[in-house]
Amino acid sequence: MFKRRKPVIQMKTPEQIELMRAAGLLVGETLQLLREAVKPGITTADLDVIAEQNIRDNGGVPSFKGYHGFPATICASVNEEIVHGIPRATKVLGEGDVISIDCGAIVEGWHGDSAITVAVGEVPAELTKLLEVTEESLWHGLKAGVAGAHLTDMSHAIESHIRSQGRYGIVEGYGGHGIGTEMHMDPLIPNHGAPGYGPILEVGMCFAVEPMVNLGTKDTVELEDGWTVITTDGKYSAHFEHTFAVTPEGPRVLTALDEGREWFAKLEG
Ligand code: MG
Ligand code: MG
């Protein structure tokens, strides 16, 4: 008889969550720098240098660099690239591109992990909307991350919001995860599915939630570099991510500069 392995979810003390906030804030501030740096003419390798410098200058360690051999501090995924793009000196951003920047840092042994997708200059309205829908879906997922909820209540909140906004491809096979003393820990958090399944969330758990949404098909393929994941139809993709802690007061978004206050107020309104 086979038993499905039960995920073991690492519990954090309030003091450990403060260390995760330090890591999360460093990631959030780094992404803010990168958002301001994105413009036509900059390369994804330039962005990687900015990220590594800021993380190291502020007492952190880039968590992606060397992770299963990944060569850089950020993942930089442009247009039809969904996730895990490798920064390159030859990859020059141009007007009308969209770039997903995923970044992680370790502070005193604790991880933060967050991603944004940024428009380069002016982009078509359907891309602006894609970015909005993806970011909103992340926040709907985070809002469902309360003590007593089931894990897939977050998945369902993400999928429901995306479906309510139009016909999009919701990427499967990649998703959110537990986080703490490692970047990727149990459990996996799908970005789709029925509510009411999976472990019950408890105060002291921390997760990274990260929807990936495509303009066309949900189908993906990994490039021969062994990292970059792209859409099979070449249509553009967006990706947003935050790390949060389940607290007695609700989800505390550790990688958001304001811990999520503005977004949660917007969703309440
Ligand atoms: Mg990430
Ligand atoms: Mg992640």
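Just so it is clear, the structure is predicted and the values come from calculations on it, not from any experiment.
- No donor-acceptor distance shorter than 3.5 angstrom exists from the side chain of Asn79 to the backbone of Ile99, with no hydrogens or angles considered.
- Atom CG of residue Leu130 and atom NZ of residue Lys235 lie 11.5 Å apart, to the nearest 0.5 angstrom.
- Between the side chain of His140 and the main chain of Ile158, no donor-acceptor pair closer than 3.5 Å is present.
- Here NZ of Lys91 is found 12.5 Å from CD1 of Ile86. Values are rounded to the nearest 0.5 Å.
- Residues Ile50 and Phe64 fall into different hydrophobic clusters, defined by Ile, Leu, Val, Met, Phe, Trp and Tyr side chains chained together at heavy-atom separations under 4.5 Å.
- Within 6.0 Å of the CD atom in Glu108, the count of heavy atoms belonging to other residues, nucleotides or ligands does not exceed 12.
- Asp48 places a side-chain N or O within donor-acceptor distance of the main-chain N or O of Ile74, the cut-off being under 3.5 Å.
- Under the 3.5 Å distance criterion, the side-chain polar atoms of Asp233 are matched with a main-chain donor or acceptor of Thr217.
- Side-chain contact between Ser77 and Asp102: absent, with no pair of heavy atoms (C-beta onward) separated by less than 4.5 Å.
- Taking the six-membered ring where the residue is Trp, Tyr174 and His84 present perpendicular rings, their angle passing 60° and hence far from 30°.
- Inter-residue side-chain proximity for Glu259 and Arg21 is flagged as met; some heavy-atom pair is nearer than 4.5 Å.
- With hydrogens and angles disregarded, no donor-acceptor distance shorter than 3.5 Å links the side chain of Asn191 to the backbone of Ser155.
- Two different hydrophobic clusters hold Tyr67 and Val107 under the rule that ILVMFWY side chains link at heavy-atom gaps under 4.5 Å.
- A donor-acceptor pair is defined here as one N or O able to donate and one able to accept, closer than 3.5 Å; no such pair exists between the side chain of Thr220 and the backbone of Thr231.
- Atom NZ of Lys266 is separated from atom NZ of Lys143 by 13.5 Å, given to the nearest 0.5 angstrom.
- Looking at heavy atoms from C-beta onward, Met11 lies in side-chain contact with Met205 at the 4.5 angstrom threshold.
- In the displayed structure, Glu262 atom CD is contacted under 6.0 Å by at most 12 heavy atoms of other residues, nucleotides or ligands.
- Between the Ser137 side chain and the His161 main chain, no donor and acceptor come within less than 3.5 Å of each other.
- Linking ILVMFWY side-chain heavy atoms closer than 4.5 Å, directly or via other members, places Leu138 and Ile101 in a single hydrophobic cluster.
- Taking all atoms of both residues into account, the shortest heavy-atom contact from Cys206 to Ala245 is SG-CB, 3.7 Å.
- A continuous path of ILVMFWY side-chain contacts below 4.5 Å connects Val246 to Phe264, so both sit in one hydrophobic cluster.
- Side chain of Thr117 to main chain of Leu131: no donor-acceptor pair is present (N/O by atom type, distance under 3.5 Å, no hydrogens or angles).
- For residues 196-216, the side-chain hydrogen bond (donor to acceptor under 3.5 Å, both in side chains) pairs, not counting sequence neighbours, are His177-Glu210, Glu210-His239, Asn214-Ser237.
- For Glu122, the CD atom is loosely surrounded, since the number of other residues' heavy atoms within 6.0 Å does not exceed 12.
- When side chains are defined from C-beta on, Val49 does not count as touching Asp46, because their heavy atoms never get closer than 4.5 Å.
- With hydrogens and angles disregarded, a donor-acceptor distance shorter than 3.5 Å links the side chain of Thr243 to the backbone of Asp113.
- Put simply, the side chain of Glu81 reaches to within 4.5 Å of the side chain of Ile230, judged on heavy atoms.
- Looking only at side-chain heavy atoms (C-beta outward), Val146 and Leu201 stay at 4.5 Å or farther from each other.
- Linking Ile, Leu, Val, Met, Phe, Trp and Tyr whenever their side-chain heavy atoms come within less than 4.5 Å leaves Phe240 and Leu254 in two separate clusters.
- Ser63 places no side-chain N or O within 3.5 Å of a backbone atom of Ile106 that could act as its donor or acceptor partner.
- Considering only heavy atoms from C-beta on, Thr44 comes within 4.5 Å of Leu93 through its side chain.
- With contacts defined as side-chain heavy-atom distances shorter than 4.5 Å, the pair Leu215/Tyr168 qualifies.
- Taking 4.0 Å as the cut-off between side-chain N and carboxylate O, Arg252 and Glu18 count as a salt-bridged pair.
- Aromatic ring orientation, Trp227 versus Phe70: perpendicular (interplanar angle above 60°, classes split at 30° and 60°).
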